[in-house]
Amino acid sequence: MRFGALISHAYVLENSAGRDLIYGAVYPESRTAIRALGQVDHLHLSHNHEISKGLAYAKTALAADLVGHREMQKYFPNDLSLDRTIETEGELLRDAGLTAIYTPGHTDDNICYRYASPHGRTYLFVGDTLYPEHGAWKALFITSHGGDRDMLVRALEKLKNVQADVIIPSLAVGQDLVAEMNRAE
């Protein structure tokens with residue numbers, strides 16, 4: 001639980017190129033469980049709201065490189081920074097089928113990640129760009145962090161055209177967190 005009613009999650013993605021963590025695992029129990037799975041190569045951040053003391057602990061405990069959009073760097077404290085910046089729309093991250101999609105709107109540094117599984121399914125990690133609240137999908141922009149309604153609308157239009165079977169946000173209000181969707185949805 002974060003910020004009261006919000007439930008946040010991080011996801012371990014095992015692939016042929018190694019192990020990636022999607023979203024920051026800020027709680028000690030989470031880091032311990034993730035570390036028990038083995039080496040984590042990269043921790044992929046979706047936006048600056050994941051930058052916290054917990055993120056610094058996760059980076060140290062997991063010995064993982066931090067990856068995020070270049071616009072995120074300005075939000076980091078002096079003692080923490082990105083190890084790899086995403087510079088380009090559609091940048092393929094490693095050889096594991098993970099693609100970055102720049103989707104500013106919630107904040108000015110949002111990244112969504114699309115994973116093309118070798119098993120035929122595609123997964124879209126949307127960070128906080130979209131989130132379920134008791135079964136209804138919502139979007140929110142934070143102007144104090146560079147968020148903007150018009151940018152968010154454009155990001156949502158972009159995501160509408162991304163082929164994905166499963167939508168995975170970083171947080172939810174209520175119990176629904178992951179949603180399978182058909183093309184019409």
Side-chain angles (χ1 to χ4, degrees), residues 2-3 6-11 13 20-26 42-56 58-59 64-78 80-94 96-116 122-133 136-173 177-179 181 183 185:
R2 293 179 70 192
F3 312 115
L6 295 178
I7 300 169
S8 71
H9 291 265
Y11 298 89
L13 179 63
D20 295 304
L21 183 63
I22 312 292
Y23 312 137
V26 298
H42 299 93
L43 197 164
H44 297 276
L45 302 174
S46 67
H47 68 297
N48 60 289
H49 293 157
E50 293 173 271
I51 301 168
S52 67
K53 285 272 188 213
L55 178 63
K59 178 178 174 36
D65 286 345
L66 295 179
V67 180
H69 194 271
R70 65 176 158 21
E71 290 294 323
M72 188 181 297
Q73 190 60 58
K74 65 187 170 201
Y75 295 104
F76 275 89
N78 290 336
L80 188 64
S81 65
L82 291 170
D83 296 298
R84 177 172 177 203
T85 58
I86 297 168
E87 303 287 335
T88 319
E89 173 74 26
E91 186 172 343
L92 184 63
L93 306 171
R94 303 177 60 207
L98 193 63
T99 305
I101 304 166
Y102 183 46
T103 52
H106 172 64
T107 65
D108 62 355
D109 56 0
N110 266 70
I111 289 284
C112 294
Y113 298 99
R114 182 180 180 272
Y115 175 66
T122 55
Y123 301 85
L124 183 60
F125 295 89
V126 295
D128 292 1
T129 299
L130 287 169
Y131 66 95
E133 184 173 317
W137 286 86
K138 303 219 173 169
L140 173 69
F141 59 93
I142 311 291
T143 55
S144 61
H145 289 168
D148 177 85
R149 182 187 186 286
D150 293 336
M151 284 192 312
L152 181 58
V153 168
R154 285 191 297 275
L156 295 172
E157 287 294 326
K158 182 188 296 186
L159 291 176
K160 184 169 73 171
N161 295 313
V162 174
Q163 190 279 322
D165 300 304
V166 181
I167 308 298
I168 305 174
S170 60
L171 60 87
V173 178
L177 187 62
V178 174
M181 298 196 173
R183 187 65 204 143
E185 293 171 312

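Note that these values count all heavy atoms, side chains included, but never hydrogens, waters or copies made by symmetry.
In this structure, the ring pair (Phe, Tyr, Trp, His ring centres under 6.0 Å) partners of His106, at least two apart in sequence or on a different chain, are His47, His49. Under the side chain to side chain donor-acceptor pair (under 3.5 Å) criterion, Glu157 pairs with Lys160, sequence neighbours left out. Qualifying side chain to side chain contact (heavy atoms under 4.5 Å, CB included) partners for Ala56, counting only residues two or more places apart in sequence or in other chains: Leu80. Take Phe141 and apply the ring pair (Phe, Tyr, Trp, His ring centres under 6.0 Å) test, not counting sequence neighbours, and it matches no residue. Scanning for salt bridge (Lys or Arg N to Asp or Glu O under 4.0 Å) contacts around Asp65 gives an empty result, with sequence neighbours left out. Scanning for ring pair (Phe, Tyr, Trp, His ring centres under 6.0 Å) contacts around Tyr102 gives His69, with sequence neighbours left out. For Thr129, the side chain to side chain donor-acceptor pair (under 3.5 Å) partners are Asn110, not counting sequence neighbours. Taking the salt bridge (Lys or Arg N to Asp or Glu O under 4.0 Å) definition, one finds that Lys74 meets it with Glu71, Asp108, sequence neighbours left out. The side chain to side chain donor-acceptor pair (under 3.5 Å) search around Ser81 returns none, not counting sequence neighbours. In this structure, the side chain to side chain donor-acceptor pair (under 3.5 Å) partners of Lys158, at least two apart in sequence or on a different chain, are Glu89.
At distances below 3.5 Å, at least one donor-acceptor pair connects side-chain atoms of Ser52 with backbone N or O atoms of Gly54. Between the side chain of Asp83 and the backbone N or O of Leu66 there is at least one donor-acceptor pair closer than 3.5 Å. Distance alone, capped at 3.5 Å, places no donor-acceptor pair between the Thr85 side chain and the Arg70 backbone. Under a 3.5 Å cut-off, the side chain of Tyr75 and the backbone N or O of His145 do form a donor-acceptor pair.
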>> Go through it in stages, so that I can follow the logic: the residues are His44 and Phe125, the test is ring pair (Phe, Tyr, Trp, His ring centres under 6.0 Å), and I'd like the CA-CA distance, side-chain angles, deciding distance and then a yes or no.
In response: CA-CA 10 Å; His44 297 276; Phe125 295 89; 9.3 Å; no

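Atom-to-atom distance recorded for Tyr131:OH and Ser170:OG is 11.0 Å, nearest 0.5 angstrom. The line from CD1 of Ile111 to CD1 of Ile22 is 11.5 Å long, rounded to the nearest 0.5 Å. We find the OG1-CD distance between Thr122 and Gln163 to be 3.5 Å, quoted to the nearest 0.5 Å. Atom OG1 of Thr103 sits about 8.5 Å away from atom CG of Leu156, to the nearest 0.5 Å. Between atom OG of residue Ser46 and atom CG of residue Leu171 there is a gap of 8.5 Å, rounded to the nearest 0.5 Å.
Residues Ile167 and Val126 have side chains in contact (heavy-atom distance under 4.5 Å, counting atoms from C-beta outward). Looking at heavy atoms from C-beta onward, Leu55 lies in side-chain contact with Phe76 at the 4.5 angstrom threshold. Between Ile101 and Val162 there is a side-chain heavy-atom pair separated by less than 4.5 Å. Between Val67 and Ile86 there is a side-chain heavy-atom pair separated by less than 4.5 Å. Counting heavy atoms from C-beta outward, Leu13 and Tyr115 have side chains that approach closer than 4.5 Å. At a threshold of 4.5 Å between non-hydrogen side-chain atoms, the residues Leu124 and Val166 do not count as touching. Between Asp128 and Ile142 the shortest side-chain heavy-atom distance does not fall below 4.5 Å.
Listed by first and then second residue, the ring-ring contact (aromatic ring centres under 6.0 Å, His included) pairs involving residues 147-171 amount to none (not counting sequence neighbours). Sorted pairs that involve residues 140-154 and meet salt bridge (Lys or Arg N to Asp or Glu O under 4.0 Å), not counting sequence neighbours, are lacking altogether.
Closest heavy-atom contact between Tyr23 and Ala10: O-CB, 3.5 Å. Scanning both residues, Leu43 and Gly24, for their nearest heavy atoms gives CD2-CA, 3.9 Å. The two atoms that bring Met72 and Asn48 nearest to each other are CE-N, 4.0 Å, heavy atoms only. Of all heavy-atom pairs spanning Pro132 and Pro169, the tightest one is CD-CG, 3.5 Å.
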